[in-house]
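Reading through the structure tokens given below for one structure.
These numbers were taken from a predicted model, which means no experiment stands behind them.
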Amino acid sequence: MMSSVKVETVVKVGALIGEGPVWEESEQTLLFVDIAGQKIHRWSPTTNQINSVETSDMVGFAVPRRSGGYIAGVGRSIVAVDWPTQGMTSLIEVDGDKPNNRLNDGKVDPIGRLLAGREVRPAVIERQQGSLFSVTSDLTLSKHLSQVDISNGMDWSLDQKTFFYIDSLALTVDAFDYDMTTGHLGNRRVVYRMEEGEGLPDGMTVDLEGRLWVACYNAGQVINIDPTTGVRLRSVSFPVRKTTSCCFGGLDFSDLYVTSASLGLNQSEMTHQVEAGHTFRVTGLGVKGRPPFVFSG
């Protein structure tokens, strides 16, 4: 029941734009990025220690790779990250013809293909200049969607036949038929339309009941949606407004980790939201998530 739900601050690092949380089961650590702070963070709940790597540009996401280390979206490049040496090697540059674009949210599909979004950099007023593309293990780049505003939340249904996707400014959560073999997207439809007061849909994850958990930017909450009925089942509130993304982790993937942002808050807002930019853990939800998929390259 919701009465047992507990929200606590666990990573007290005031990120400018905390994003992209990923639970690393083998390390029992939470991986996430600070986009504008240009850092990739790893936090251990066992030791409460946080280790960080600085990037040379805004970092949209970082995900584990099968061959070791991480793949991250830095600026307009997909880079390989070697954590012990803090070294980064550029693998692919995207949007060479769009210098105002940068990589945003990214997630790996069940067979190890990376899907990532591109959007216009903050403070640049250009609509529908973003896109959604995929990268395979041999670094083949394919574009799937164009005319995207802010490419954000992504995840797959339990049967792997549906891809859920968020273009934040559209104020909807959409679904596509997904061909796991080819990565082809088709039959786009809206599964949830944001209501008044729910803010912008941002990062997203799926639980083992096949339901969606969507972080609501500028609304200080994560909402739980049934994509089959299009109904909001419940919501979890946070002491900050700019909730950005979420993932399941911890023991049996029964904890929900939620990142947040502090960038753009004025002094008065910061005074009332002293935990802005911190990462939160939600316990007692009564549902579990699944392990994240690993990039196959």
* To do: Answer with yes or no whether the hydrophobic clustering places F280 together with V274; edges join I, L, V, M, F, W, Y residues whose side-chain heavy atoms lie under 4.5 Å apart.
  => no

* Without swapping roles, check the side chain of S44 against the backbone of Q49 for a donor-acceptor pair under 3.5 Å. => no

* **Flag side-chain contact, heavy atom, 4.5 Å: L145 against Y165** => yes

* **Sequence neighbours excluded - salt bridge (charged side-chain N to carboxylate O under 4.0 Å, His left out) pairs with any residue from residues 156-178** => D174-R188, D177-R189

* Asked: Sub-3.5 Å donor-acceptor pair from the side chain of D138 to the main-chain atoms of T140, do we have one?
  -> yes

* Asked: Under the ring pair (Phe, Tyr, Trp, His ring centres under 6.0 Å) test, which residues partner Y192, sequence neighbours left out?
  -> none

* To do: Keeping the roles fixed (side chain from S245, backbone from T259), state whether a donor-acceptor pair exists under 3.5 Å.
  => no

* Asked: Under 3.5 Å, is there a donor-acceptor pair between the side chain of D57 and the main chain of V74?
  -> no

* Go through F163 and Y178 one step at a time and tell me if the ring pair (Phe, Tyr, Trp, His ring centres under 6.0 Å) criterion holds. => CA-CA 6 Å; F163 172 61; Y178 193 74; 5.8 Å; yes

* **N/O donor-acceptor pair under 3.5 Å between T243 side chain and S260 backbone** => no

* Asked: Checking Q28 side chain against E25 main chain: does a donor-acceptor pair fall under 3.5 Å?
  -> yes

* **Same apolar cluster (I L V M F W Y, side chains within < 4.5 Å links), V231/L212** => no

* Treating Ile, Leu, Val, Met, Phe, Trp and Tyr as nodes and any side-chain heavy-atom pair under 4.5 angstrom as an edge, say whether L141 and L139 lie in one connected cluster. => yes

* Asked: So, the side chain of T136 versus the backbone of R113: is there a donor-acceptor pair under 3.5 Å, distance only?
  -> no

Under 3.5 Å donor-acceptor pairs involving side-chain atoms of residues 285-296, not counting sequence neighbours:
from, atom 1, to, atom 2, distance (Å)
R290, NH2, D155, OD1, 2.9
R290, NH2, W156, O, 2.5
S296, OG, G112, O, 3.1

* Would you find a donor on one side and an acceptor on the other, under 3.5 Å apart, between the side chain of S4 and the backbone of G284? -> yes

